Amino acid sequence: MNSNIVFGQYYNTNSWIHKLDPRTKIVGILGLLISLFLLNDITSLLIAFGITILLILSTKIPIMKFLRSLKMVTVLLFVTIIFQVLLNQGNDYTPIEFHLNILNLCLIILLFISFFLSKKVITKFRFLLFLIIFIFSFYLQTITLPTQVLFTYTLKFYKRGIETSVIVILRIVSLIFLSQILSLTTKPTDLNNGLEKLLKPLKIFKINVNILTMMISIAIRFIPTLINEANKILKAQASRGVDFKEASFKDKINQIISLLVPMFVISYKRAYDLADAMEARGYIPEAERTSINLLKFKGLDYLFFFFVAIMLSLSIVYKVVILWDINVHVCMMGLIFMVFKPKLV
């Protein structure tokens, strides 16, 4: 299986988080995610991010496993930063003047040409390298050089935009890391059993929890498998001369269709094979089943529940205190208006 695929994989290091009951991890991670959404300032989110990093280190899982999960959202985060910094306006901003001259223009062009020519040599972390070159190209334009200036322009960096972009990045990265802690430290079967126990009250509304949890478990389990199949198809088509990178936009659409059709056929075939295998082993969706692994809360689970409860309570208190501070000012203004209104009239 491709090691670059993180979602849906289980990485066993026998840490204390691995030993937790799956119900504890599901409810605990959900509580931590809720607490993240209650925080709206940089200081509190930095503290939450630090706690998330401590949880990651305590799992004893290599940090690169978590960093790989950011690859899919890196472009989104980069675009968010650009738009927030330049377009989220306010009264407080810092104007920076850039000078584009012949020398730094040649250096910038040379850097980007080197980047595109190095794609066969440098295959990993290319977007990070592009980001470094992109930022460095702007830094070069702030250096005054004794050459002819082609043109000058000024960009306004708004403080509110920078703060908002930092808040968005901290929240999204923390959310992804917390979800990966659940995915990497819990077996799909344990996750299925935990969800089945937690969703058991839904049987009151005549919802078949067994089928629902089995569908979720199978979907999570087969995400890495389908990604591997897609990579195999891409390599097979590349060996036949199909180039997804250099083709025109119209050709790329046709090539994507040629990828989706075999992926749909493979998924359909795997679903049929899985259904046949489950029927051959006597699987009946509506039947009541017992589990060989009985779920039971231990002392460590209660400690983790206590930790999550503290984090969630602190987030709620912090949120209420901020809102209370705002509401106090509003109430005070209202009382002053009510007291002095008759006199003014």
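Just so it is clear, the structure is predicted and the values come from calculations on it, not from any experiment. In this chain, residues are counted from 1 in sequence order.
- With contacts defined as side-chain heavy-atom distances shorter than 4.5 Å, the pair F66/I181 qualifies.
- The shortest heavy-atom contact between T13 and H18 is OG1-CE1, 3.1 Å.
- Not a single side-chain hydrogen bond (donor to acceptor under 3.5 Å, both in side chains) links T142 to another residue, sequence neighbours left out.
- Using a 4.5 Å heavy-atom threshold, the side chains of F98 and T154 count as separate.
- Nearest heavy-atom pair, L55 versus S58, reported as atom, atom and distance to 0.1 Å: O-OG, 2.6 Å.
- No side-chain heavy atom of L184 sits under 4.5 Å from any side-chain heavy atom of T59.
- In this structure, the side chains of L140 and I108 come closer than 4.5 Å at one or more pairs of heavy atoms.
- Here the shortest heavy-atom pairing between S313 and A309 reads OG-O, 2.6 Å.
- The two residues S315 and S35 come nearest to each other via the heavy atoms OG-CB, 3.2 Å.
- Looking only at side-chain heavy atoms (C-beta outward), Y10 and L191 stay at 4.5 Å or farther from each other.
- Taking F307 as the reference, nothing meets the ring pair (Phe, Tyr, Trp, His ring centres under 6.0 Å) condition, with sequence neighbours excluded.
- K25 and T186 form a side-chain donor-acceptor contact under 3.5 Å, judged by distance and modelled atom types alone.
- Side chains of I167 and L39 form no contact here, defined as non-hydrogen atoms less than 4.5 Å apart.
- Enclosure of atom CZ in F264 is not indicated, since only 12 or fewer non-hydrogen atoms of other residues, nucleotides or ligands lie within 6.0 angstrom.
- When side chains are defined from C-beta on, V308 does not count as touching I29, because their heavy atoms never get closer than 4.5 Å.
- In this structure, L110 is not a member of the same hydrophobic cluster as F116, with clusters built from ILVMFWY side-chain heavy atoms closer than 4.5 Å.
- Scanning both residues, G194 and I26, for their nearest heavy atoms gives C-CD1, 4.1 Å.
- Residue F49 comes nearest to S174 through the heavy atom pair CD1-OG, 3.4 Å, listed as atom of the first residue, atom of the second, then distance.
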Handout entry: Evaluation steps, side-chain contact (heavy atoms from CB on, under 4.5 Å), between L182 and L178
Key = CA-CA 7 Å; L182 177 62; L178 286 173; over 6 Å; no

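- Atom CG of residue D190 and atom CG of residue L20 lie 11.5 Å apart, to the nearest 0.5 angstrom.
- Counting non-hydrogen atoms of other residues, nucleotides and ligands closer than 6.0 Å to CE of M263 gives a total above 12.
- Between the side chains of Y153 and Q141, at least one donor N or O sits under 3.5 Å from an acceptor N or O.
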Exercise for the section: Mind running side-chain contact (heavy atoms from CB on, under 4.5 Å) on T152 and L100 for me, showing each step along the way? Expected result: CA-CA 6 Å; T152 302; L100 186 65; over 6 Å; no

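- In this structure, the ring of F138 has its center less than 6.0 angstrom from the ring center of F134.
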Exercise for the section: Output, in order, the C-alpha distance, side-chain angles, deciding distance and verdict of side-chain contact (heavy atoms from CB on, under 4.5 Å) for R171 and F37. Expected result: CA-CA 8 Å; R171 181 176 286 130; F37 281 105; 4.2 Å; yes

Exercise for the section: Start with the C-alpha gap between V27 and F305, add the side-chain angles, then the distance that decides, and say whether side-chain contact (heavy atoms from CB on, under 4.5 Å) holds. Expected result: CA-CA 8 Å; V27 175; F305 274 131; 3.8 Å; yes

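- Note on K269 versus D273: salt bridge recorded, some NZ/NE/NH1/NH2 to OD/OE distance being below 4.0 Å.
- The hydrophobic cluster containing I113 also contains I133, counting ILVMFWY residues as joined when their side-chain heavy atoms lie under 4.5 angstrom apart, directly or transitively.
- In this structure the side chain of I61 never reaches within 4.5 angstrom of the side chain of I56, judged on heavy atoms.
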